Amino acid sequence: MPELPEVHTIVTDLKKFIPGLKITDVWTDIPKFKKIKKDVMGKKILGVERRGKNILIHLSQRSDLKKNPKGLILGKTIIVHQKMTGHLLYGKYQKSNSKFQKWIPVEPEELKDPFNRFIHLVFSLSNPSNSSGQAEKHLALCDMRKFATVAVIPTEKVSDKFQKMGPEPFDKNFNFKKFSEIIKSKGGKIKSVLMDQGIIAGIGNIYSDEILWLSGVHPQRKTSGLKESELKKIYQAIKPVLKKAIWARGSSYIDYRDASGKKGRYQEMQKAYGLKGQKCKKRGCGGIIERIIVGGRSAHFCPKHQIL
DNA sequence: TGCAGTGTTGCTTC
DNA sequence: CGAAGCAACACTGC
């Protein structure tokens, strides 16, 4: 579900909503999330960031600082990876009256979308300046397949955690020289290499297909055999494809939803992914999009203008 | 009905 | 070393 454009959209939305709010409760029905509560209770949200496909939520220092006068006590960071079907949703929820105490969305209306049910983790957030404790909001992780991961680590360890992750496509230092250097450092098929988070951060199955369609490079081409001109075309396709997808607020080809539960629109603009059997959208091309398996993932390409 | 397929990643196996 | 297979899980579509 979430690749760089989708995660970017969620993070920019959350940046508007949650900094300054305090975590007043944590609920979950999945054992692997049970330990989160004690690390985050009472902490204030300082900011939200994206690294690759990860959402980083930075928290204040311990609220019981006075009880721990010794040593340096630093803040924590919640790291959310949505994997395939995770949604991170911000809104107002309430517990149902049923004995299962299911969480149900109150607002906004989009949270009632069927793809937004499967709620497995809920952070209760309240505004510290509002002493009534009312108008409480929630940050909910909804995930049909339960693949999503949530880790809480000391903020100072965040850079270690992403030590082995490749550069961000929009980083100033990500230029053609750097790109060709890291691509050539890894053997194998270009599609798999583009999707390797240790090479470049944030590109997944949809956008690797879209980038290669635009560059006119076959997904199974070996990186070692790519000409300089082809590498350049791939490099020059990455930012425009991701930028357009960010502009469209991500692809809801399947079930992606933004932080308010709304769909993106990039699926309407896709050129390759999911378009098997359809006429290639490249002007005057006339190819028919094929679907093959590359590195165990489905790859979509035009056999006429992406030649092996 | 049943099984292949789904945007991710990491671990195991060969 | 790399490549391939598979597991985590639940649902959709052919």
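Below, read A as the first sequence line, B as the second, and so on, with proteins coming before strands; counting in each chain starts at 1. All values below come from the heavy atoms of this structure, side chains included, with hydrogens, waters and symmetry mates left out. Predicted, not measured: the structure shown is a model, and the values here were computed from it.
- Heavy-atom distances to DNA chain C give each of A:Gly187 and A:Arg117 a nearest nucleotide, and the one nearer the 5′ end belongs to A:Gly187.
- Across the P atoms, B:dC3 and C:dC6 are found 16 Å apart, a figure rounded to whole Å.
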What does nucleotides 8-14 of chain B look like as a protein-contact string, B for base, S for sugar-phosphate only, - for none, at under 4.0 angstrom between heavy atoms? BB-----
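- Counting any heavy atom pair closer than 4.0 Å across all strands shown, A:Arg291 reaches sugar-phosphate atoms only and no base atom.
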Given A:Asp13 and A:Lys16, is the salt bridge (charged side-chain N to carboxylate O under 4.0 Å, His left out) satisfied, shown in steps? CA-CA 5 Å; A:Asp13 284 356; A:Lys16 292 178 209 148; 3.8 Å; yes
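- Take A:Gln236 and apply the side-chain hydrogen bond (donor to acceptor under 3.5 Å, both in side chains) test, not counting sequence neighbours, and it matches no residue.
- Protein chain A touches strand DNA chain C; the 5'-most and 3'-most nucleotides with an atom under 4.0 angstrom of its non-hydrogen atoms are C:dA3 to C:dC11.
- Among the protein residues, A:Asp143 comes within range of no part of the nucleic acid, since none of its heavy atoms lies under 4.0 Å from any strand.
- Taking atom P on both B:dA4 and C:dG5, the two are 14 Å apart, rounded to the nearest angstrom.
- Partners of A:Lys53 according to the side-chain hydrogen bond (donor to acceptor under 3.5 Å, both in side chains) rule, which considers only residues two or more places apart in sequence or in another chain, do not exist here.
- Residue contacts shown for A:Ser192 are absent, as no nucleic acid heavy atom lies under 4.0 Å away.
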With Watson-Crick and G-U wobble geometry limited to distances under 3.5 Å, how should the secondary structure of DNA chain B be encoded in dot-bracket form, using | for bases paired to another strand and [ ] for crossing pairs? .|||||.|||||||
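- A single hydrophobic cluster is seen to contain both A:Val80 and A:Ile30, as judged by linkage of ILVMFWY side chains at heavy-atom distances under 4.5 Å, directly or through other members.
- Among the atoms of the strands shown, only primed sugar atoms or phosphate atoms (P, OP1, OP2) are found under 4.0 Å from some heavy atom of A:Phe118.
- Residues meeting the side-chain hydrogen bond (donor to acceptor under 3.5 Å, both in side chains) test with A:Tyr90, sequence neighbours left out: none.
- Between the side chains of A:Thr149 and A:His81, not a single donor N or O lies within less than 3.5 Å of an accepting N or O.
- Heavy atoms of A:Gly295 sit nowhere under 4.0 angstrom from any nucleic acid atom.
- A salt bridge links A:Glu230 and A:Arg221; the closest N-O separation between the charged side-chain nitrogens and carboxylate oxygens is under 4.0 Å.
- Here A:Trp213 and A:His300 keep their ring centres 6.0 angstrom or further from each other.
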